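Single-structure report; data block below.
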Amino acid sequence: VQLQASGGGLVQDGGSLRLSCVASGSWISINSMGWYRQAPGKQRELVAPVTSGGNTNYADSVKVRFIISRDNTKNTVYLQMNSLKPEDTAVYYCNADVIERRRIGWGTSGYWGQGTLVTVSS
């Protein structure tokens with residue numbers, strides 16, 4: 001399973017960006033997908049997850065400003081980021097929990113995308 005993230009870039013304070021992450025490969029099903037971010041010198045943190053049924057959750061720091069969505073027909077998760085602030089500057093990573101076939105039976109694995117850099121200038 002591979003995750004390919006895109007959409008990062010440089011934006012001014014108050015601007016917007018839309019991140020996309022496409023999953024490819026072989027699986028039985030994809031459970032939750034989500035976005036994490038890691039700012040320089042800080043630990044990676046969860047930004048927002050979305051379940052296969054569309055239930056979402058958000059970190060307090062991004063509530064109201066960010067919207068996560070998912071298109072199961074395209075195996076893609078999106079993150080619409082509005083009213084961006086300099087403190088949103090980070091590398092954003094997508095993640096997927098995948099149910100896949102094992103040598104015997106099946107199991108669940110987590111996969112990460114390569115990360116896309118978002119820089120918000122003041």
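Computation of the quantities below employed the complete heavy-atom set of this structure, encompassing side-chain atoms and omitting hydrogens, waters and symmetry-equivalent molecules. Model, not experiment: these values are computed from the prediction.
- Cluster partners of Y93, by chain and number: Y36, L46, V91, W112, L117. The rule joins Ile, Leu, Val, Met, Phe, Trp and Tyr whenever side-chain heavy atoms lie under 4.5 Å apart.
- With a 4.5 Å cut-off between side-chain heavy atoms of Ile, Leu, Val, Met, Phe, Trp and Tyr, the cluster of V64 takes in none.
- Here R102 pairs with E100, S109 under the side-chain contact (heavy atoms from CB on, under 4.5 Å) rule; sequence neighbours left out.
- Here disulfide (SG to SG under 2.5 Å) pairs that include residues 23-52, with residues two or more places apart or in two chains, number zero.
- In this view, W106 satisfies the ring-ring contact (aromatic ring centres under 6.0 Å, His included) rule with no residue, not counting sequence neighbours.
- The hydrophobic clustering, which links ILVMFWY residues whose side-chain heavy atoms are closer than 4.5 Å, places Y78 and M81 apart.
- Within 6.0 Å of the CD atom in Q2, the count of heavy atoms belonging to other residues, nucleotides or ligands does not exceed 12.
- For residues 62-73, every residue pair satisfying the side chain to side chain donor-acceptor pair (under 3.5 Å) rule, not counting sequence neighbours, is listed here: D60-K63, R65-D88, R70-N72, D71-T73.
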Per-pair distances, 0.1 Å, donor-acceptor, side chain in residues 4-22, under 3.5 Å, sequence neighbours excluded:
residue, atom, partner, partner atom, Å
S16, OG, N82, OD1, 3.1

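- Counting only residues at least two apart or on different chains, the salt bridge (charged side-chain N to carboxylate O under 4.0 Å, His left out) pairs with a member in residues 42-52 are R37-E45.
- The side-chain contact (heavy atoms from CB on, under 4.5 Å) check on T56 picks up V50, Y58, I68, with sequence neighbours excluded.
- Legend: residues meeting side-chain contact (heavy atoms from CB on, under 4.5 Å) with T89, ordered by chain and number and at least two apart, are T119, V120.
- Among residues at least two apart or in separate chains, side chain to side chain donor-acceptor pair (under 3.5 Å) pairs with a member in residues 23-32 are S32-D97.
- Once rounded to the nearest 0.5 Å, the distance linking OG1 of T108 with CD1 of I30 reads 12.0 Å.
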